[in-house]
Amino acid sequence: MERRRMVKRVMALTAVAGLAGTLLAAPAASDDRRSGGPDWGTCPDDVVTAIPLECATVPVPLDHDDPGGTKIEVMISRLASTDTTARRGVLLLNPGGPGGAGLPQPSELSMLGLPSSVLDAYDLIGMDPRGVGHSSPVSCGFTVEQNYPGNVPPYAPDAAAVAKQAEYSRTIADQCAAHDTDGRMQHMTTANTARDMDVIREALGEDTISFYGASYGSALGSAYASLFPERSDRIIVDSNTGGPALDQDAVRRFALGLEDRFPDFATWASARNESYGLGTTPGQVRKNYLALGSRLDRAPMEGLTGANFRFFVFAALYSDSSFAPLAQLWQSLDDGDVEAAARQADTLRSELSDLPTAVPGVSPGSGTTPSPHDNAFSAFLAVTCNDTEWAEDVRTYQRNVAVDRKRYPLFGAAAANVNPCAFWHNDPVDPPLEIDDEGPENVLVLQNLRDPATPLLGGEITREAFGDRARLVSVDAGGHGVYVYGDNPCALNTATRFLLDGSLPRDDIFCGASTTSGPRPER
């Protein structure tokens, strides 16, 4: 987390637009006596949603090993069920990241078409996870002028480029440590966020909670179901990273994801070659992609480098809706039209700018203007670097880049490149989590076959790790996000049925390509 253009808020999910909130009546608040918990009120002004939500804060321990010590506040939101006879509990949500602010997500899911039967059955609970947004946010002090290129490393054409990226990554790790004056960052882990979820469950007065999470949200859902199996009700993990963390292997799988997904775009572009001129066959489109990337490595165009171009392609393929603007940019670069390419890059960058993996800019500099993405970038790094051990030897990354450049030519030399986690200043406070296959059969794993960020392999790894607790729903579709964010009727019906009656499919199932998809509403 598109097709409705997948929600840009983090690795994948963005706010729904197109319908004014003033046209929609606020839902009646549910009976707070049943939870006896949070003091619900209006949400902060910057939490803009089409459907009005309630917000509240829940105090949680900064260090769960010291529950009587320092507390931080986690803000949650609620779209309450108004059907007291149909309501069965709460559905906690996470849009991904790590670093994704989730307070608007209940409204987003409703606007994207979450079935009314699910809205009746659950209070939808959004959350800014610890360190994010309105939940005691962390900061590395990123500035606009600094132009931090995002949380996916740039494509490295050779070993020297990896070494250069390592020097830059070390400065970013140093910068984050210098700004972490209260030591909050070391406690930003997926395990601690899952523990926060259990505190929220208790505050809401619920014996168990259900969960839906996409992209990194799948890691968080896997963590909660593993740490608190008997308190987990119905768990949906969508677009899976392959475990309860976004670790080095998961990031390297971005390269596999683009190899899986690129043929969708190449087929689309070759059918439109008369208009865009990117290639008469999918194979020719691929060949031209590789040639243009290499050409821009040697001779950038107005600051647009080969690394920039490759990232534009990776990020744009999250959603079919970005195919046309990507083709425009590519066409202008091919034609050497500097002015048009710069204009189209700005347009596409604005479309993708809410992703924590934001498109690299073209004007590096120094300054003091706070970056609007500072918190998302910072939270992504803190959680990603804290959850697992990362290789510290630059030669390891040089070897990995050399291997993946050959194995996955489209993006391998980016996904395997070094990032600030190699030089992170604090050691993890939690041991690496593992998925626990002991517990109730209550995990539904959703996965598109051709997802650029979380390829099918991630879903297969998750399914195998959960064993009999889970079932895998693999979907013949491209892009990032399945349930509601996608448009496959088989997947939609399977997940909705699971949320409503708790029934997992008897076996793993395959959902064929949708033949009924129509135009999706734009936000």
Side-chain angles (χ1 to χ4, degrees), residues 2 5-6 8 14 17 142-157 161 164-165 168 258 262 265-266 268-269 272-279 285-374 376-377 410-411 413-414 417 452 522-523:
E2 307 221 286
R5 294 180 352 186
M6 177 92 181
K8 293 181 201 164
T14 144
F142 290 112
T143 66
V144 170
E145 296 83 1
Q146 182 181 6
N147 209 19
Y148 177 63
N151 293 318
V152 176
Y155 185 95
K164 182 177 180 181
Q165 173 64 14
Y168 178 70
L258 189 56
F262 189 82
F265 173 77
W268 179 94
R272 295 160 177 79
N273 180 64
E274 187 175 344
S275 295
Y276 296 111
L278 305 186
V285 174
R286 179 186 176 93
K287 181 179 178 180
N288 290 342
Y289 165 89
L290 296 171
L292 180 55
S294 295
R295 192 181 90 202
L296 291 170
D297 287 337
R298 297 188 301 270
M301 182 184 294
E302 290 296 301
L304 274 168
T305 66
N308 295 149
F309 169 68
R310 293 179 182 95
F311 185 85
F312 271 121
V313 173
F314 170 71
L317 297 195
Y318 274 46
S319 168
D320 291 1
S321 66
S322 296
F323 282 8
L326 174 62
Q328 284 182 316
L329 171 63
W330 186 336
Q331 183 179 34
S332 296
L333 290 170
D334 261 344
D335 293 341
D337 188 336
V338 174
E339 183 178 344
R343 181 178 65 252
Q344 289 152 0
D346 285 342
T347 299
L348 190 54
R349 185 181 295 110
S350 68
E351 289 293 309
L352 304 170
S353 63
D354 286 344
L355 289 167
T357 49
V359 175
V362 297
S363 303
S366 60
T368 59
T369 309
S371 168
H373 306 297
D374 171 48
F377 288 144
L410 299 178
F411 205 58
N417 202 358
E522 293 293 335
R523 291 175 308 283

Quick one, [X] and [Y] - any side-chain contact, counting heavy atoms below 4.5 Å?
| X | Y | value |
| --- | --- | --- |
| F142 | H373 | no |
| W330 | N288 | yes |
| L290 | L410 | yes |
| Q146 | S371 | no |
| W268 | Y276 | yes |
| Y318 | P452 | yes |

Which heavy atom in [X] sits nearest to a heavy atom in [Y], and how many Å separate them?
| X | Y | value |
| --- | --- | --- |
| L304 | L333 | CD1-CD2, 4.0 Å |
| L296 | G306 | CB-N, 3.4 Å |
| A307 | P154 | CB-CB, 3.9 Å |
| S321 | P325 | O-CD, 3.8 Å |

Going by side chain to side chain contact (heavy atoms under 4.5 Å, CB included), name the residues that satisfy it together with [X], two or more places apart in sequence or in a different chain.
| X | answer |
| --- | --- |
| Q344 | Q328, L329, S332, A340 |
| E339 | D337, R343 |
| A269 | F265, L278, V285 |
| R295 | L292, R298, M301, D334 |

Is a side-chain donor or acceptor of N417 paired with a backbone partner of Y155 at a separation under 3.5 angstrom?
no
How would you list, by chain and number, every residue that makes a ring-ring contact (aromatic ring centres under 6.0 Å, His included) with F411, sequence neighbours excluded?
F314
Side chain to side chain donor-acceptor pair (under 3.5 Å) involving [X] - partner list, sequence neighbours excluded:
| X | answer |
| --- | --- |
| Q331 | none |
| D297 | R310 |
| T305 | N308 |

Taking the six-membered ring for Trp and the single ring otherwise, decide whether the centroids of F309 and Y289 are under 6.0 Å apart.
yes
Rounded to the nearest 0.5 Å, what separation is found between the CZ atom of F262 and the CG atom of L317?
7.5 Å
